[in-house]
Chemist: 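Supplied in structure tokens, the structure appears directly below.
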Amino acid sequence: MKIAGSRPDRLIPVRFWGTRGSLPTPLGHGAVRAKIRDALLAARGRRLATAEAIDGFIDRDLPFSVSGTFGGNTACVEIVTGGDEYLICDLGTGLREFGNHILAHGPAAPHCFNLFLSHMHWDHIMGFPFFTPAYIKGNRIRIHGCHKNLRAAMQGQQSSAYFPVRFEALGATIEFVELEPGAEYEVAGFTVTAFKQFHGGDSYGYRFSRGGKSIVYSTDCEHKEPVLDASYPFVEFFRNADLLIFDGMYSLADVVSVKEDWGHSSNIIGVELAQLAQVRRLVLFHHEPACDDAKIERVSGETIRYEEISRNGHKVEIVSAYDGLELAV
Ligand SMILES: [Zn+2]
Ligand SMILES: [Zn+2]
């Protein structure tokens with residue numbers, strides 16, 4: 001299927017609207033104050049007389065944990081199609097920001113949104129009741145997923161005990177599209193394949209391909225194999241991906257101590273799988289709410305060093321996702 005306006009030869013932008021796992025994690029007063037203090041300490045003795053000089057100082061001289069934040073919204077990633085239809089992975093609270101962006105930059109309707117659900121744990125659907133385009137007549141929303149009870153979960157979230165607006169009362173036309181793991185589908189100019197993952201109640205990853213490029217969205221999965229090698233099915237699924245968005249919620253120390261069987265993986269397993277599959281870029285995603293920006297930055301640095309010392313010819317670039325990150329594939 002050819003989507004009007006799509007340009008398969010061009011770079012594919014990927015926008016991260018929500019990157020936190022489990023529950024939204026806003027910065028508190030103490031964290032903001034600590035960033036201001038650290039920035040002012042770093043600025044002592046410098047000539048920062050103009051806004052340009054200050055911007056340059058922020059961009060070049062402050063660590064990201066001081067100048068920014070890894071994000072408070074839960075999982076939501078947009079693959080920018082360049083065509084008439086939108087493509088979104090998961091409906092965490094980042095979806096609200098995406099909806100507001102659509103309304104701020106164009107007409108309210110008509111739009112067609114293709115939403116892909118990894119699973120229905122709350123952090124992956126809780127943004128939907130706040131997705132304003134869903135309230136607007138003329139918009140079309142297709143919710144894709146492999147679970148049998150997608151509709152019931154989405155309706156249940158908006159039952160009267162939890163939310164004032166019923167799912168059935170939303171103005172947009174909403175369809176549910178049940179996918180079969182392993183089958184290929186054409187959606188918004190991309191070939192899409194789903195695969196089953198290890199997570200309580202099951203979750204599904206998705207591989208999106210177009211024009212020889214592939215993006216894999218694989219969150220909420222616990223890789224527990226004692227030995228990872230090329231025969232591990234995920235290696236084939238991740239094979240040669242240009243971008244692998246990976247649930248690296250925990251550090252390896254967490255996984256082998258208290259958080260085994262919690263349904264998530266570590267940064268180290270992410271690197272090993274990305275190396276085996278010859279992935280170009282690995283994005284650590286679904287950050288643990290208990291981790292502050294300094295901790296996530298530290299784990300990110302350790303992950304980069306681990307990739308360097310364990311590299312066997314093929315380099316994997318490591319990125320830690322944050323709300324507002326945009327990567328081109
Ligand atoms: Zn999750
Ligand atoms: Zn989950």
Chemist: Show me the pairs that pass salt bridge (charged side-chain N to carboxylate O under 4.0 Å, His left out) and involve residues 55-77, at least two apart or across chains.
Modeler: R46-D61
Chemist: Partners of E308 by side chain to side chain contact (heavy atoms under 4.5 Å, CB included), sequence neighbours excluded?
Modeler: I304, R305, R311
Chemist: Can you list everything that forms a side chain to side chain donor-acceptor pair (under 3.5 Å) with T19? Sequence neighbours excluded, please.
Modeler: D323
Chemist: Please collect all salt bridge (charged side-chain N to carboxylate O under 4.0 Å, His left out) contacts where either partner lies in residues 19-36, sequence neighbours excluded, each pair once.
Modeler: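 Counting only pairs at least two positions apart or across chains, the salt bridge (charged side-chain N to carboxylate O under 4.0 Å, His left out) contacts touching residues 19-36 are K35-D293.
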Chemist: Can you pull the ring pair (Phe, Tyr, Trp, His ring centres under 6.0 Å) pairs that have at least one residue in residues 26-75, sequence neighbours excluded?
Modeler: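 Output for this query lists F64-F70, F64-Y322, F70-H287.
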Chemist: My understanding is that only residues two or more places apart in sequence, or in another chain, count here; which of them pass side chain to side chain donor-acceptor pair (under 3.5 Å) with R96?
Modeler: none
Chemist: Could you work out, with side chain to side chain donor-acceptor pair (under 3.5 Å) as the rule, every residue matching Y86, not counting sequence neighbours?
Modeler: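 Side chain to side chain donor-acceptor pair (under 3.5 Å) check on Y86 returns nothing, list empty.
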Chemist: Who pairs with P63 by side chain to side chain contact (heavy atoms under 4.5 Å, CB included), at least two apart in sequence or on another chain?
Modeler: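 Once residues adjacent in sequence are excluded, the partners of P63 under the side chain to side chain contact (heavy atoms under 4.5 Å, CB included) criterion are S65, V66, E297.
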Chemist: Tell me every residue that passes side chain to side chain contact (heavy atoms under 4.5 Å, CB included) with T50, counting only those two or more places apart in sequence or in another chain.
Modeler: E52, A53
Chemist: Check residues 175-183 and write down every donor-acceptor pair under 3.5 Å in which the side-chain atom is one partner and the other belongs to a residue at least two apart or another chain.
Modeler:
residue	atom	partner	partner atom	Å
E175	OE2	R140	NH1	2.2
E178	OE2	K148	NZ	2.6

Chemist: Side chains of residues 126-133: which donor-acceptor pairs under 3.5 Å do they make with residues two or more places apart or in other chains?
Modeler:
none

Chemist: Is the distance from the ring center of F237 to that of F195 below 6.0 Å?
Modeler: yes
Chemist: In chain order, what residues pass the side chain to side chain contact (heavy atoms under 4.5 Å, CB included) check against A34, with sequence neighbours excluded?
Modeler: R37
